[in-house]
Amino acid sequence: MVGGEKMENQKKVIVACGGTGGHLFPGVAVAQELKQRGHEVKLLISEKKVDAEASKKYGDLDFATVPAIAKPATLSLKMIPFLWKFWKTKAKCTQILKDFGVDAVIGMGGFTSMPPVIAGKKLGAKTYVHDSNALPGKANRMTARWCDAVLLGLEAAKEYFGGSKVEITGTPVREELQNIPSREEAAKKLDLDPAKKTVLVMGGSQGAKNLNSLVVEASKAMPDIQFIQITGNLDHDRVKDELGDTGGRHKLIAFCDDMASVYAVTDVVVMRSGASSLSEISYLGLASILVPYPYAADDHQTKNAEVFEKAEAALLRQERELDAGMLVADLSSILLETEKLVNMSAASAALGVKDAAKRVCNVIEKG
């Protein structure tokens, strides 16, 4: 341990998990499990608004911010300012880790993870990186060089870390999703009918405008189906104008801080195929229609979706091919065929790892 004092067997762990909800929420799950086991935890997040909003809910956890940096193309002129920012962020992380008295550092993905992992390695701490995707990001593949072990959400990613010690842990799911309310309780809270089939739509924070509009068209063609649509802050007002009055059966939410209730009343999800969201719906056994974000790095969201499609837990639809009519047909085929919905839900649940946070923490404790 670098400085500080601790109880016997207690570890001081840094969880670097900023940049997106896909990194933050699994990091929160790991931190919650570590705290339950008596360890001391500090989470490093970015200065982005999305991190600030999401972390507000977890007042019992200790957060610190560090600048988020994304690597440009290697031959780009932007590499010079990137390297300067990277060095400054690494220096800040080193100081945070020293002051904390770090024993272990786990990065939950992206370039926000790399500086604290490198800093931790140089300070003699145990270091880990977790990747949730079927096709790992370049940042994680680079970060793995400084890690004692690489932890993976999906078996499909293993081949990309040939030179590293690898453990398949699954992707951790935050604590509040482990005990969701009943469908009736959730429906009452959301002012929905628990007896009606309900579609949850999550367009994600990036490039959801077209998908949001397709869902509005589909909803108007399905008056007997309830919709909960999380639009993102930037697109909420536009979607509200497009939607008009639906008599309360189509709920629009800009940002949701009660996903447990939303999931509890959901029958099928229409969403991007980010790994963290997929881990949540598989944990809860929800059928889905997956529309990968078309500009995701290396098209990794399509790779994620293919895992679920192959397992018959989801339908995979590329956005360039999707229209409102196809979406109505897909939703109808799932919601109106009871056996299909049951089978897809069971297949989704089979992909989930119920104790992923515990598995990650077991690796950290063994050190």
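Throughout, residue positions are numbered sequentially from 1 according to the sequence presented.
Taking the charged nitrogens against the carboxylate oxygens, Asp131 and Arg141 have no contact shorter than 4.0 Å, which rules out a salt bridge. Using a 4.0 Å cut-off between charged side-chain N and carboxylate O, Arg238 and Asp235 make a salt bridge. Lys189 and Asp258 are joined by a salt bridge, as a carboxylate oxygen and a charged side-chain nitrogen come within less than 4.0 angstrom of each other. Salt bridge annotation for Asp148-Lys366: absent, with no cationic side-chain nitrogen under 4.0 angstrom from a carboxylate oxygen. Under the 4.0 Å criterion applied to side-chain N and carboxylate O atoms, Arg37 and Glu33 are assigned as salt-bridge partners. Ion pairing of Glu319 with Arg272 is present here, as a side-chain N (NZ or NE/NH1/NH2) and a carboxylate O approach within less than 4.0 Å.
Here the side chain of Ser345 pairs a donor or acceptor atom with the backbone of Leu341 at under 3.5 angstrom. Within the 3.5 Å criterion, the main-chain N or O of Trp146 finds a donor-acceptor partner in the side chain of Thr127.
Using modelled atom types, one finds a donor on one side chain and an acceptor on the other under 3.5 Å when comparing Ser132 with Thr171. Residues Asn212 and Thr231 bring no donor and acceptor atom of their side chains to less than 3.5 Å of each other.
If you run side-chain contact (heavy atoms from CB on, under 4.5 Å) between Ile230 and each of Leu200, Val201, Leu252, only Leu200 comes through.
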Next item on the list: Mind running side chain to side chain contact (heavy atoms under 4.5 Å, CB included) on Val215 and Val199 for me, showing each step along the way?
Entry: CA-CA 10 Å; Val215 169; Val199 177; over 6 Å; no
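Its side chain within the 4.5 Å cluster rule, Val13 clusters with Val15, Leu24, Phe25, Val28, Val30, Leu34, Val41, Leu43, Ile45, Tyr58, Leu61, Phe63, Ile106, Met108, Tyr128, Leu151, Val360, Val363, Ile364 among the Ile, Leu, Val, Met, Phe, Trp and Tyr residues.
Between Tyr295 and Tyr293, the angle of the ring planes goes over 60°, which puts this pair in the perpendicular group of the 30/60° scheme.
Within the 4.5 Å cutoff, no side-chain heavy atoms of Lys251 are placed close to those of Phe227.
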